[in-house]
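Taking it in order: structure first as structure tokens, then the write-up.
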Amino acid sequence: MSFDPLRPRGRPAHTPGTTILAYTPDGRRIITGGSNSAIRIYTVGEDGEPKTIDEGVDAHFGIGATNRSFIMGAEDGTVWKYDIMSGKMQNLLVRCALPVRDIAVTRDGEWVAVASDELTVKIVKVDDMTQVKYLREQSKATKHVTFDPSGRYATVSGTDGILYIYSMHEEEPELVRKLDGVIRRLEPDAEATSRAVWHPDGTAFASAEATRDISIYSTSEWKKEKTFAGGHSGDITALSWAPNGSLLASAAADGYIVLWEAKTQKILQRYDFGNVMNLSWHPTKNSLSFTTSDGELFIYDNFVPKDHESLLQKPLQAAPILPGPLGEISNNVGRTTLAERSKEAIQRAARRGTPDSLDDILGGDDQMMDFVEDDDGAGYADEELNLYGKRPNDHLDDLGGTSNKRLYAGFEKPKAHPPLQPGSTPWAGSRRYLCLNLTGAVWTVDQETHHTVTVEFYDREAHRDFHFTDPYMYDKACLNENGTLFANNPSDGSRATIFYRPHETWTTRADWRTELPEGEQIRALALSDSYIVAVTSKDYVRVYTLFGTPFKVYRQKSQAVTCAAWRDYIMSIGNGPIGIDGHTTLRYTVENVKRDEICQNEDTVALPEGASLQSVFFSDNGDPCIYDSTGVLLVLQHWRTPGQARWVPLLDTKQMARLAGGRKEETYWPVAVAQDKFHCIILKGGDKNPYFPRPLLSEFDFQVPVASALPKDSSESEDTTAEGARFEESFVRGNVLLSLFRDLLSSTNATASQRSDLARRELDLDKNLLQMLAIECREGEERGMKALELVALMTDRNGKMLEAAAKIAQRYGRGVLEDKIRDLAERRVMGMGDDDELA
């Protein structure tokens, strides 16, 4: 037994008795409730007094929290929703005739399940208490209720010792399994726990046995897979998985909290704390909080010892439900067996919400490689898997010759960018978005034997939503005003498929489907108004017409990563040469398919060191755009002229005024560039991808990173430097947008309205220069040289703007500058250049 010298002190929170706690998902607050009527809200990282709420409801037994509100269930049978900032009661969600014993809130905060001494568990929609679902199969009262991370299953722990598992897929929950002997028979007010605690990857749950061991049950066959044994000599009172699933904490009546390694089921540390009733890990930090029956709250920072802290820093780990730890495989086991086990681990996790797909594995993600330990020192743990989840055969030595493996042992394998399907998200439990853009969203649900796909539109007057059963298990999709495109990469060895469904047709049936050659997988799809594009594992770019005619196929010069399309243009991106940081550089090609013209050929995608590509798409005006992992949106300028293209930043989201001073912690998921704005989804609480229900879209104006972020609501009283910086950014941004618009008009038959729009844009840019000129004139005569330079930058064709510039100089008494501006105007009228005058 070992003791931590920095043992945390207990914080008196409630009177002795049942004491509950919950973190908010962002980890900023801890909410506690107990046997008295008080509710306490602690701010993480602060030692001051907590906010106390006393609404007169005694004995809180159930708790759930979101970032904005929390929900408490009490002995009097009521379940109230509270505002987390003000602490005020918002509304009564449920009223039960008997005491509430436990509540659970879905990850999206949309539903709350209420377990009570009644036989029925109620599941209520948080924003609409009139929407209620019922779990009715229990024969006795319930002690605990939990949701799996995706909300796919609800587990109910009955006082009869039976664990009831319900499927939440349908409108009415369906009992899928009754597990007897998994949990103990316990009285509702017993301190021991029978809760099913779900692993963060959603493929298994942990429960306490009567033997005082902890068992892991998988969702595949609902059977026991592993056991955490010998940790406690008393009844287990609480269990909690670390946020990434690599560790498990358990507390028991024997007076100890035990820290387990999930992968090996070994005890890493014991902590001497008595009467612990509830455990909860901080969502992102090395910290564990727990409450005791004495009414105290403990916040144990640096809970995981330093020699094991690396486990907590890993990405999401798969539940320990494989036939055996791969690290224990004997040296005599053949490598084929190891490869098969690696493949099984990858496929299991990919379907259950860990990596997005095999594409993520190809990108060098360490997440699934943690299953393999290089015990025999052969080096296979460092090798990447191929598209089928196996290692390539280049590890085999030349038969009859000497091995040259050691020759290359000192060289690190290049880190290639993984395939990317723009607009899609990884699995979040059983759901994921296949496509999300300004037209609508395509999302799929894993139903074990098949998927169900839903296509929703923003403009429901133009298009009707549709839903269908998907036996092909599509993993990629594109959506636009013309139709919906799907593709799949089967794991059973069958051929990859492309399926297109137009929204409207004047024939009876226009859907079509085609298969790729055997062994060829689809890495990315794109759909335009004219063509369908797929880049594949054989580095082919395959182009089809909208009605299935193969139009073109060629092999690109770099390893395919992703693609995008707009009208007759396609853009393909692939892994190119190795950069100085050991990662491959990305190369792009832009081509006009209809005219068979290459605009840019294998040019470099401008990414900073260590950054990755988050999305690629064409703007509504047809300009290629990318969004990278550093939060920068870039547009490809002059891309229609071979050799002249360059990537120009339109917005650095980390420099936006809304983030200035650390007022907000949020990131942005790119959706589109349209109407000279960046359309995105705001992600909070450390989320990396949007979740369900479908979030609202936000839009931000472009702001070229010329200077540091400035407040949008700046007043006229700001200093001149800040004012000038705003105009300078506006000038640079206007120049970029003007050049893009000019390139568009030069390549098309410009309409009268477009020509008028061009003149307006040029005029706006000159007006911006006039405002900058006024600032320079206000500063004094010594700024005259810059003032004249600003005038020379004007595109004025008829002299009106130059005359206005002369009047500004006159207003501020800059006579010399006024004379030089009028001389410049005369020289332009005479067709002479400005160089001599500026010199």
Side-chain angles (χ1 to χ4, degrees), residues 422 526 528 562-574 576 585-592 595 597-608 611 613-653 655 670-680 700-707 727-748 750 754-755 757-766 768-769 793-795:
S528 75
T562 188
C563 59
W566 180 78
R567 294 186 181 174
D568 297 335
Y569 294 94
I570 66 171
M571 180 179 183
S572 58
I573 296 179
T585 57
L586 292 180
R587 296 296 180 90
Y588 72 92
T589 297
V590 181
E591 176 186 1
N592 186 307
R595 294 203 296 260
E597 294 177 357
I598 295 179
C599 302
Q600 304 296 324
N601 189 16
E602 290 294 309
D603 197 4
T604 302
V605 178
L607 292 175
L613 193 63
Q614 295 288 87
S615 188
V616 55
F617 44 81
F618 281 87
S619 70
D620 59 340
N621 290 327
D623 295 308
C625 299
I626 61 172
Y627 186 81
D628 64 31
S629 57
T630 66
V632 178
L633 172 72
L634 300 103
V635 66
L636 191 61
Q637 188 182 29
H638 304 314
W639 59 273
R640 292 177 178 85
T641 306
Q644 297 299 308
R646 61 188 172 202
W647 292 100
V648 178
L650 288 178
L651 177 66
D652 185 346
T653 57
Q655 297 296 322
V671 174
V673 167
Q675 299 174 342
D676 290 345
K677 293 181 183 293
F678 175 53
H679 298 260
C680 63
F700 296 107
D701 293 326
F702 298 148
Q703 184 176 341
V704 178
V706 174
F727 289 131
E728 288 171 354
E729 186 280 329
S730 179
F731 173 69
V732 175
R733 170 166 40 91
N735 254 328
V736 173
L737 298 180
L738 179 60
S739 72
L740 294 174
F741 194 65
R742 282 173 174 166
D743 288 349
L744 173 64
L745 298 192
S746 65
S747 63
T748 59
Q754 286 178 323
R755 289 192 293 269
D757 191 17
L758 176 63
R760 180 190 58 79
R761 290 172 183 252
E762 292 175 341
L763 180 62
D764 288 343
L765 204 60
D766 284 350
N768 192 92
L769 288 169
L793 291 174
M794 292 180 179
T795 59

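Reckoned from all heavy atoms, side chains included, excluding hydrogens, waters and symmetry mates.
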Euclidean distance, [Y] [atom2] relative to [X] [atom1], rounded to 0.5 Å:
{"X": "Asp764", "Y": "Phe731", "atom1": "CG", "atom2": "CZ", "value": "13.0 Å"}
{"X": "Leu737", "Y": "Gln637", "atom1": "CG", "atom2": "CD", "value": "9.5 Å"}
{"X": "Cys625", "Y": "Met571", "atom1": "SG", "atom2": "CE", "value": "9.0 Å"}
{"X": "Leu738", "Y": "Asp743", "atom1": "CG", "atom2": "CG", "value": "9.5 Å"}
{"X": "Leu651", "Y": "Phe700", "atom1": "CG", "atom2": "CZ", "value": "8.5 Å"}
{"X": "Leu636", "Y": "Tyr588", "atom1": "CG", "atom2": "OH", "value": "4.0 Å"}

request  = Before accepting this row, confirm whether a basic side-chain N of the pair Asp757/Arg760 lies closer than 4.0 Å to the acidic partner's carboxylate O.
outcome  =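 Looking at Asp757 and Arg760, the cut-off is met.
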message = Take a 6.0 Å sphere around CD of Glu602 and say whether it holds more than 12 heavy atoms from other residues, nucleotides or ligands.
response =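 Yes, because the 6.0 Å sphere around CD of Glu602 holds more than 12 heavy atoms from other groups.
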Over all atoms of both residues, closest heavy-atom pair of [X] and [Y]:
{"X": "Gln600", "Y": "His638", "answer": "NE2-O, 3.9 Å"}
{"X": "Leu745", "Y": "Ala750", "answer": "CD2-CB, 4.1 Å"}
{"X": "Ser615", "Y": "Pro670", "answer": "CB-CG, 3.6 Å"}
{"X": "Asp652", "Y": "Pro705", "answer": "CB-CB, 4.2 Å"}

inquiry  = Closer than 3.5 angstrom, by distance alone: can the side chain of Glu729 be matched with the main-chain N or O of Val704 as a donor-acceptor pair?
reply    =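 Yes, Glu729 side chain to Val704 backbone: donor-acceptor pair under 3.5 Å.
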query = Backbone N or O of Phe727 within a donor-acceptor pair of the Asn768 side chain at under 3.5 Å?
reply =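 The answer is yes, because a donor-acceptor pair under 3.5 Å joins these two groups.
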No-hydrogen, no-angle side-chain donor-acceptor test under 3.5 Å, Thr630 and Asp628 =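 Note: Thr630 and Asp628 side chains meet the donor-acceptor criterion.
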Side-chain touch [X]/[Y], heavy atoms, less than 4.5 angstrom:
{"X": "Arg587", "Y": "Thr604", "answer": "yes"}
{"X": "Asp623", "Y": "Arg640", "answer": "yes"}
{"X": "Asp568", "Y": "Arg595", "answer": "no"}
{"X": "Val673", "Y": "Phe702", "answer": "yes"}
{"X": "Thr653", "Y": "Leu633", "answer": "no"}
{"X": "Ile570", "Y": "Cys563", "answer": "no"}

ask   = Would Asp701 and Gln703 count as a side chain to side chain contact (heavy atoms under 4.5 Å, CB included) if you check the C-alpha gap in whole Å, the side-chain angles of each, and the deciding distance to 0.1 Å?
value = CA-CA 6 Å; Asp701 293 326; Gln703 184 176 341; over 6 Å; no
task = Mind running side chain to side chain contact (heavy atoms under 4.5 Å, CB included) on Leu744 and Leu740 for me, showing each step along the way?
result = CA-CA 6 Å; Leu744 173 64; Leu740 294 174; over 6 Å; no
query = Which class fits the ring pair Trp566 and Phe618: parallel under 30°, tilted 30 to 60°, perpendicular over 60°?
reply =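 Parallel.
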ask   = Trp639 vs Tyr569 aromatic rings, parallel, tilted or perpendicular, using cut-offs 30° and 60°?
value =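 Ring orientation of Trp639 relative to Tyr569: perpendicular.
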key: Stepwise side chain to side chain contact (heavy atoms under 4.5 Å, CB included) check, Ser528 with Arg567   = CA-CA 5 Å; Ser528 75; Arg567 294 186 181 174; 5.6 Å; no
ask   = Hey, mind stepping through Leu765 and Arg733 against side chain to side chain contact (heavy atoms under 4.5 Å, CB included) and telling me if it holds?
value = CA-CA 10 Å; Leu765 204 60; Arg733 170 166 40 91; over 6 Å; no
